[in-house]
Amino acid sequence: MAESPAFESPVVQSYEFSSGGPLMLTDASPTTKWLIRTETGGVAADRMSTPFGSSSLAAGGALVLGSRPGEWIVLGAAGAVADVVDGLDGLESAEFVTALDWTHGRALFRVTGSDAPRMLEKVCSLDWSDAMTPDGAVASASLAKVTCDIARNDVDGLPSYLIFCDRSFGQYLFDALIDAGEEFGLSVGPASP
C-alpha cells in the first residue's frame, strides 16, 4: 500500500469547538478510508465477510462497511486498514478486485448524541429509528441533497453515525449538518482521525 500525502480536510472554515454537549459533530475526514470492490460471491467477497447493509470490526480493529453488493468501505487506523487491504493480495488471478484509497477523496463526519436520529430526519428521508437502522446498519442516501454513505456506529451507548460524501461537498454538508442540529444543541468538536 502506497504512502498517502499529508491530509487536508475538506472543511476549511473555522468553528468554535466544544468538548461536549448533547449532540456532537466532528470532522473525521483524516481517518484512513479505502473502497474495496469485487465480484459478488467470489473468494474476496467471502474474505470480506461483512454483508451488504451491515458493518463489522476486522481482527486489527478496522471498521468494514458492506456499502453495496460486492463493495466495502474499510476505515480506521492506517495499519489496521492496510491489514484488511493486504489480506486480499494473492487471490486467484481469475477474480477481479479493486482497492482504492479514498482517504483524500471522501469527507467523513461523525454525529453523536441521543438526538442524532431526529437531526438526520431533518435532512434525509430514511427512517432512523432503532428498528430500521440499528447499531451496525449501513445505508446510502441523500443528506441535504448530497449522495452519502451512512453507517450507524454507536459510541458509549449513544447513537452515532458516520457520514461519507465526496470531498467536494464536504464543506457544504458540514454546514448543513450544523444547521440541522442547531435546535438540538449541536456542538462542533475538533477534527479527529
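Fair warning: this is a prediction, and the values are worked out from it, not measured in the lab. Because only heavy atoms are used, hydrogens play no part in the values below, and waters and symmetry mates are left out as well, while side chains stay in.
- Taking Ile, Leu, Val, Met, Phe, Trp and Tyr as members and joining any whose side-chain heavy atoms lie under 4.5 Å apart, directly or through other members, F52 forms no hydrophobic cluster with any other residue.
- For D83 (side chain) and G60 (main-chain N/O), no donor-acceptor pair under 3.5 Å exists by modelled atom type.
- Side-chain heavy atoms closer than 4.5 Å link hydrophobic residues (I, L, V, M, F, W, Y) into clusters, and following such links, possibly through other members, connects F184 to F17.
- Pairing each heavy atom of P159 with each of D154, the nearest pair is CA-OD1, 3.3 Å.
- E182 is linked by a salt bridge (Lys or Arg N to Asp or Glu O under 4.0 Å) to nothing, counting only residues two or more places apart in sequence or in another chain.
- Rounded to the nearest 0.5 Å, atoms CG (D135) and CG (L158) are 11.0 Å apart.
- Counting heavy-atom neighbours within 6.0 Å of E8 CD, excluding the residue itself, gives a total of 12 or less.
- Note on I178: it clusters hydrophobically with L173, by side-chain heavy-atom contacts below 4.5 Å among ILVMFWY residues.
- You'll find the side chain of V81 stays beyond 4.5 Å of the side chain of K33, heavy atoms only.
- One distance of note links CG of L65 with CG of L63; it measures 4.5 Å at 0.5 Å rounding.
- Cluster membership check: L25 does not share its hydrophobic cluster with L108, using side-chain heavy-atom separations under 4.5 Å among Ile, Leu, Val, Met, Phe, Trp and Tyr.
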Below 3.5 Å, can you tabulate the donor-acceptor pairs from side chains in residues 136-148 to any protein atom, sequence neighbours excluded?
{"unit_1": "S140", "atom_1": "OG", "unit_2": "R68", "atom_2": "NH2", "d": "3.1"}
{"unit_1": "S140", "atom_1": "OG", "unit_2": "D149", "atom_2": "OD1", "d": "2.7"}
{"unit_1": "S142", "atom_1": "OG", "unit_2": "K145", "atom_2": "N", "d": "3.3"}

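- Contact between A58 and V64 at its shortest, heavy atoms only, is CB-CG2, 4.2 Å.
- The salt bridge (Lys or Arg N to Asp or Glu O under 4.0 Å) test applied to D115 returns R118, not counting sequence neighbours.
- The distance from atom OG of S187 to atom CG of L23, rounded to the nearest 0.5 Å, is 8.0 Å.
- Remark: L75 CG to W34 CH2 distance equals 13.5 Å, nearest 0.5 Å.
- For Q171, the side chain to side chain donor-acceptor pair (under 3.5 Å) test picks out Y15, D175, with sequence neighbours left out.
- Listed by chain and number, the residues in a side chain to side chain donor-acceptor pair (under 3.5 Å) with S125 amount to none (sequence neighbours excluded).
- Applying the side-chain contact (heavy atoms from CB on, under 4.5 Å) criterion to D130, with sequence neighbours excluded, gives R152.
- Rounding to the nearest 0.5 angstrom, the gap separating the OG atom in S14 from the CD atom in E16 is 11.5 Å.
- Taking both residues in full, the closest heavy atoms of V85 and A99 are given as CG1-CB, 4.1 Å, listed atom of the first, atom of the second, then distance.
- In this structure, Y161 has its ring center under 6.0 Å from that of W128.
- Rounded to the nearest 0.5 angstrom, I150 CD1 and C124 SG are separated by 5.0 Å.
- Closest non-hydrogen pair, A107 versus P10, comes out as CB-CG, 3.6 Å.
- Among residues two or more places apart in sequence or in another chain, the salt bridge (Lys or Arg N to Asp or Glu O under 4.0 Å) test is passed with D179 by none.
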- Candidate pair L120 and L126, rule side chain to side chain contact (heavy atoms under 4.5 Å, CB included), full reasoning: CA-CA 8 Å; L120 291 175; L126 288 184; over 6 Å; no
- Task: Could you please spell out the steps behind the side chain to side chain contact (heavy atoms under 4.5 Å, CB included) verdict for L177 and I163?
- Result: CA-CA 10 Å; L177 293 170; I163 302 166; 4.0 Å; yes
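- With sequence neighbours excluded, the residues satisfying side-chain contact (heavy atoms from CB on, under 4.5 Å) with S168 are D166.
- For D27, the side-chain contact (heavy atoms from CB on, under 4.5 Å) test picks out S9, V11, S29, P30, F109, F174, A191, with sequence neighbours left out.
- Partners of T31 according to the side chain to side chain donor-acceptor pair (under 3.5 Å) rule, which considers only residues two or more places apart in sequence or in another chain, do not exist here.
- The same ILVMFWY cluster, assembled from side-chain heavy atoms under 4.5 Å apart, contains both V123 and V188.
- Considering all non-hydrogen atoms of both residues, E71 and L35 come closest at CG-CD1, 3.3 Å.
- Using cut-offs of 30° and 60° for the angle between ring planes, the H104 and F7 rings count as tilted.
- Every residue two or more places apart in sequence or in another chain that forms a side-chain contact (heavy atoms from CB on, under 4.5 Å) with S160 is listed here: R110, T112, V155.
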